Amino acid sequence: MDFTLDSEQTALRDAVRGLLGKAYGSSEDRRTVTKTDPGWDEKTWQRLAEMGALGLPFAEEDGGFGAGPVEVSIVAEEIGRVIAPEPYVEAVVLAGGLVAAAGTAEQRAEIIGALAEGQLVPAFAHTEPGNRYSEVPTVTATKDGDAWTLSGVKEPVLGGARADLLIVSATIDGGTGLFVVQPDASGLTRTSYATFDGGRAAHVAFDSTPATPLGEPGADQSDVIASAVAAAQIAYGHEALGAMAFALETTTEYLKSRKQFGVPLMTFQALTFRAADMYVSLELARSTVTWATLVQLDGGDDAAVLEAASRAKLQVSKAGRHIGQEAIQLHGGIGMTAEYSVGHYTSRLTAIDHALGDGRHHLTALSKTLDDHEAVEPLP
Amino acid sequence: MDFTLDSEQTALRDAVRGLLGKAYGSSEDRRTVTKTDPGWDEKTWQRLAEMGALGLPFAEEDGGFGAGPVEVSIVAEEIGRVIAPEPYVEAVVLAGGLVAAAGTAEQRAEIIGALAEGQLVPAFAHTEPGNRYSEVPTVTATKDGDAWTLSGVKEPVLGGARADLLIVSATIDGGTGLFVVQPDASGLTRTSYATFDGGRAAHVAFDSTPATPLGEPGADQSDVIASAVAAAQIAYGHEALGAMAFALETTTEYLKSRKQFGVPLMTFQALTFRAADMYVSLELARSTVTWATLVQLDGGDDAAVLEAASRAKLQVSKAGRHIGQEAIQLHGGIGMTAEYSVGHYTSRLTAIDHALGDGRHHLTALSKTLDDHEAVEPLP
Amino acid sequence: MKLQLSDEDIAFREEMRTFFTTQIPQDIRDTVAARRELSKDQIVRSMQAMNAAGIAVPNWPVEWGGKDWTPLQRHIWHEEMQLAGVMPPLAFNASMVGPVIAAFGSQEIKERFLPKTANLDIWWSQGFSEPDAGSDLASLRTTAVKEGDEYVVNGQKTWTTLGQYGDWIFTLVRTDPDVKKQAGISFLLIDMTSPGLTVRPIELIDGGHEVNEVFFDNVRVPAENLVGEENKGWDYAKFLLGNERVGVAPVGSTKRTLAQAKEYAKTAGAGGTSLLDDPLVAAQIAELENDLLALELTALRVVANSADGKPHPASSVLKLQGTVLQQAVTELWVDLAGPNALATGAADGSDVPDLARVATTNYLNYRKASIYGGSNEVQRQIIAGTILGLRG
Amino acid sequence: MKLQLSDEDIAFREEMRTFFTTQIPQDIRDTVAARRELSKDQIVRSMQAMNAAGIAVPNWPVEWGGKDWTPLQRHIWHEEMQLAGVMPPLAFNASMVGPVIAAFGSQEIKERFLPKTANLDIWWSQGFSEPDAGSDLASLRTTAVKEGDEYVVNGQKTWTTLGQYGDWIFTLVRTDPDVKKQAGISFLLIDMTSPGLTVRPIELIDGGHEVNEVFFDNVRVPAENLVGEENKGWDYAKFLLGNERVGVAPVGSTKRTLAQAKEYAKTAGAGGTSLLDDPLVAAQIAELENDLLALELTALRVVANSADGKPHPASSVLKLQGTVLQQAVTELWVDLAGPNALATGAADGSDVPDLARVATTNYLNYRKASIYGGSNEVQRQIIAGTILGLRG
């Protein structure tokens, strides 16, 4: 059992932190970037690619770098520290993860390498309006000979308009299939808009849109989706850890430096105790999220990873709300302003909370598994 | 709409406060009384009877004083302020309430007058071991000609051993009946023991024990039970208000007078803010409980009273835990000791919380009625 | 004790309900129901409709358009307004500067300002807060130096809500720097078109623009615009802030928003199923309803018992718990919207319900509720100090 | 990074598990499982069984019976003990006075006390707290005045846990009243059978007797019973309190108690139905399990990363959150027991399950957990001050 980074991992962290620290040295840098489409910085994305960060989770034979969940978690956490708007979890971990897991050798060769090099940014079109956290898509796939078409609506699809390629979940006979849709496919309409955390999402409509099955045509990919979603939930957990750590640091600094009634705010015990509680929330979340990554790394059965991801997401949901809300409250008015950083962290934590199942969603799932175990045992 | 006591009600409050203040002038007085059976003071009970407090809710023709729920609430709150161990809610509101509502004229004449005079203390045997908050008793009533017998176990029955008369709920054909059992009935065994709040409860076993139907033989008394239970829930709410108010006052006094690190505890803002939150909890609970009493007074339909009682009990459950736990915590070590008063208040609040449905029980009930209303409207 | 309203109050409630649900333009109420921001024009039309009916400023002296209502009637007026989705009369006019002018202003200044203030012909902004003052309002630094029959004002105000619409601004300015900080403050009315006065928007975290900074660079203000006496401004401010706290619990609007959330939940589950069938969602809503009931009843206790003019001690609970629940309901909305909550910027053609799109901007925006107008920390300080006597 | 324990640690865990589940007398483990109080005899037998196996005082120097375990192994030892329902070695002996004597005592005093301390042949009591000191331990007033080769001790200690069983008491006494309060304190060992020493029980709110007052009325103590140097006692106390905080999160016992509560819930519903079918109960248990997992993992992070001897910053989270969850589980038990929880005093013949009867006494008793041994307020102070650098 070991919770420490090795020297290569530390070097990766320092490199990513250096790169992102330059790109988003101030809160204003991020605002500038998020103000114009696609809501993130293509140059920063390229630099991440050059550093190898975009290929980390993929096998070398697919064009990746053969690293693992720990390396992914390092990048995600640094993304979170500066709340970089680049779609690391969305494009690499989630959409890329689906291609790596379900794609044919040709598809992997075509997509993964380009993704790793920053040349191709895919998005996973999965969420549907009015179909909250459902596992049964309303988008349907129809087969005619060897040709498949999709019909229906996905929304909000994160990065859906900018995406060079859409991976789409759709109902097929016998389950849920995954499909690749090209940006210029007929019958495809994508309407982009801003999300509250500075990102972009799209309304994506399919009207008999030609699509290529990802992997074996007609196969039920529900398990693949569940696994990729779990990996993304854990990576989001790390992104949230980075964001929460920064929000707490900023709050702590503010309590030290800001004076009111002639004394620093940290003179007021009611405030410092609340900062202490924020620290408790952060450390508890850090423990669970890191553990979930190690469960992934351990390569145990899928069910164990799914459960660990749920546990991490629940803990992050609680911690994110607590820290996000308190960070603003302890700042007072300035915490409400867009010019100051802390509110953006609260925004981003809110977005992460509600992506891929919020805390209550995961709590409900976990509360149905109480009979499976006597006590929760973290170590094998 | 009026939330103030009239002059007669104020006089009643002052009289009861005076009486109980003498009986339980110190925490030690109460400890002395609760140490020996029956766990309360027969003389204080007599004095309450002489003052008319025991006959308040009953019609004059039954031997009562024809007052209403507000007068009952005044007595209950004063009971709570000193956590007097006398079984006011249990014997008068609950057991007495059942007799008044379901009893025949003869039964009412026989029981209510004696109860009001302090000569007869009844108990309601309703709770069953391993049958949590169930509305279907496992104790059964069997009819043989005009004679009825009961079999089964009730436990814990508050004041069950000292009771001069037991009112017992039992399953009959077509519902739940109520029965009167004399203390010397054959096949009746009562085993008394102490409860954590200084009271007494009993294991009460019926083995073909002769019993007289309360009211019409064979009638389903479920609605009568629900109404009497609702009245007792509201009265318990007032008892809890008295206890919470005192617990907060004691805590506040302690924060003012106790010094640590050379300064009074109230210098520590983290502590005074928590006292402020206790005040908020208390006032919110006071509003809901008082309102429930007015709903009773208003004489609207039974369903409205039952709902109001649930709402009051939920609010009291939350407030009682909050205030009870914080009162001890803000006192520190001394709050843990039996010689000091505050822990006994926490004990009593815990007992009230779990009697007649705890907060979660009532929350579950209320969450099934969301469709019945657009918003909760307090005023008719 | 009794539960019912008097017949008179029931009739009054009915009258208010009818007025607010029929006499306020529907587009305004629709915007509120959509949880969207009202435009300046809508706010003006709404208040003017109330003023035309004589009920925009009931808390003012009768001679200036006030009503001799009981505290309970004023409460009913306020609640019915919120339940009907009507924005209360602009607080800067109706609850802040108006009462101060009516109480402390000269006859001339009353005549000059009160009618236009009641009718929102003048849009007032509030110039109290300053960047370095925070909750320590009295440490303000904006100065007003008397030169002849003018004051020359220099300094900066901030958190000026809706200042972009302001015609005039009422300010606290330091007129005597050499005395205890509370003693050297005056209450000055300033025309916002005056040379040297600039308004700079502050963008908030929800992307909206509702607060501003206001800069004063040698702004010359006629001395006749002083309210009351020089250096007595702190007394007037305390009077104003005291008014502000009465009936501050936003019970009616939270109640309406919660009922609306419950309605939304009925089809917000996967495939249009009801989220009320999710026991955890149902329990959360039931608990919020119960907490809100307790708050409403507390507000009723306060108004029922404050006929003698003394504020009821429980009134300080209202702002604190009022914002707690207001924020809890905005958080519930985000939970109900779930992943659809991300569609903040969606326009026509989106399949995400509009109420899901606005959920998070409202949530983020209402984080302010526990900060502005006396933060929850200040409220706890008041309860601990004033009610419980715990003075650190 | 990796998840698995090393093979060595897995073997160690297995060894501990086997020991604790087979070598500790069953009656002791049954009493813990019944959530009842252990008798003095049971506590002694339990610790002596561990000492016989050489694992009662692993944190001591090896020459005095300690083990050269890694922090992780010590954690495993502690967890397996709790999971098996075994009470940890008496803290006053094993974690408090033993390490102090081993670190600061003379060779003579070590030989005299350490073996008997490890074997619980001497039952130690702790004499630190005083009635007027509270969390401000150093303001203690009990005095020890040197007269020849004796100290004469006068004063009072309080909150002396299980003092009724004590053979000896280790005390902090004031030996120099004229210096800064921390500088005049000494660490003195006192035979509890000494004339002038009396123990008075303090009844707690759960009706139990586990703490005491200890009075010293001219108690004469041989000067050789002084540990280390005179007036250095505060340093030893800080060393002791520092030890006390390591591994203080009662993860294992809370985990066992929660698992037991879940098992109990399966038949605790009306008519013997499962309360796990109640979604609110199930969610509460699932959330507690998840919170407890986070706590356990935090404890593991701390032990895994503290091999270099420096305490991990997150360690201060453990006591705070450990007691929060410990108390939450005792509250859950009362909720599960429901109205049956009132049957506290029921004896044979009762139909209420024994675990329901003890639910509330445990709940009330464990309110102490957030007060004793450094209250949660003190823990927050440490986190804010030491970790976050927020110093008021």
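For clarity, every value in this text was computed on a predicted model and none was experimentally measured. Because only heavy atoms are used, hydrogens play no part in the values below, and waters and symmetry mates are left out as well, while side chains stay in. Lettering of chains follows the sequences in order, A, B, ..., and the numbering in each one begins at 1.
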Region of A:Thr364 in contact with chain D, defined by heavy-atom distances below 4.5 Å: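 For A:Thr364, neither part sits under 4.5 Å from chain D.
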With a 4.5 angstrom heavy-atom cut-off, which part of A:Val263 approaches chain D: side chain, backbone, both or neither?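 For A:Val263, neither part sits under 4.5 Å from chain D.
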Would you mind checking which part of [X] comes under 4.5 Å of any heavy atom in chain A, side chain (CB onward), backbone (N, CA, C, O), both or neither?
X        : value
D:Gln381 : both
D:Leu276 : side chain
D:Asp291 : both
D:Glu287 : both
D:Leu72  : side chain
D:Ser6   : backbone
D:Leu258 : neither
D:Arg256 : neither

How many angstroms lie between [atom1] in [X] and [atom2] in [Y], if you round to the nearest 0.5 Å?
X        : Y        : atom1 : atom2 : value
A:Thr288 : D:Leu297 : OG1   : CG    : 5.5 Å
D:Ile387 : A:Tyr279 : CD1   : OH    : 4.0 Å
A:Thr272 : D:Arg391 : OG1   : CZ    : 11.5 Å
D:Leu318 : A:Leu284 : CG    : CG    : 9.0 Å

Positions in [range] that reach chain D, provided some heavy atom is under 4.5 Å away:
range                       : result
residues 228-238 of chain A : none
residues 243-254 of chain A : A:Leu248, A:Thr252
residues 365-380 of chain A : A:Leu366, A:Ser367, A:Leu370, A:Asp371, A:His373, A:Glu374, A:Ala375, A:Val376, A:Glu377, A:Pro378, A:Leu379, A:Pro380

Which heavy-atom pair separates [X] from [Y] by the least distance, and what is that distance?
X        : Y        : value
D:Ala384 : A:Ala276 : N-CB, 4.1 Å
D:Leu390 : A:Met266 : CA-SD, 3.6 Å
A:Leu363 : D:Ala283 : CD1-O, 3.5 Å

Who passes side-chain hydrogen bond (donor to acceptor under 3.5 Å, both in side chains) against A:Glu71, sequence neighbours left out?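 Testing A:Glu71 for side-chain hydrogen bond (donor to acceptor under 3.5 Å, both in side chains), a comparison that skips the adjacent residues, returns A:Gln9.
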Side-chain contact test, heavy atoms from C-beta onward, threshold under 4.5 Å: evaluate it for [X] versus [Y] and give yes or no.
X        : Y        : value
A:Leu294 : D:Lys2   : no
D:Gln321 : A:Glu283 : no
A:Phe273 : D:Ile383 : no
A:Trp291 : D:Leu293 : yes

Just so I understand: if I count every heavy-atom pair under 4.5 Å between each of D:Pro279, D:Ala282, D:Gly385, D:Ala265 and chain A, which residue has the most?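 Counting heavy-atom pairs under 4.5 Å, the top option is D:Ala282.
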Heavy-atom donor-acceptor pair, D:Asn290 side chain to A:Arg311 backbone, under 3.5 Å: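 Yes, because the side chain of D:Asn290 sits within donor-acceptor range (under 3.5 Å) of the backbone of A:Arg311.
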Neighbour count >12 (heavy atoms, 6.0 Å) for atom CG, D:Asp7: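 At most 12 heavy atoms, drawn from other residues, nucleotides or ligands, come within 6.0 Å of this atom.
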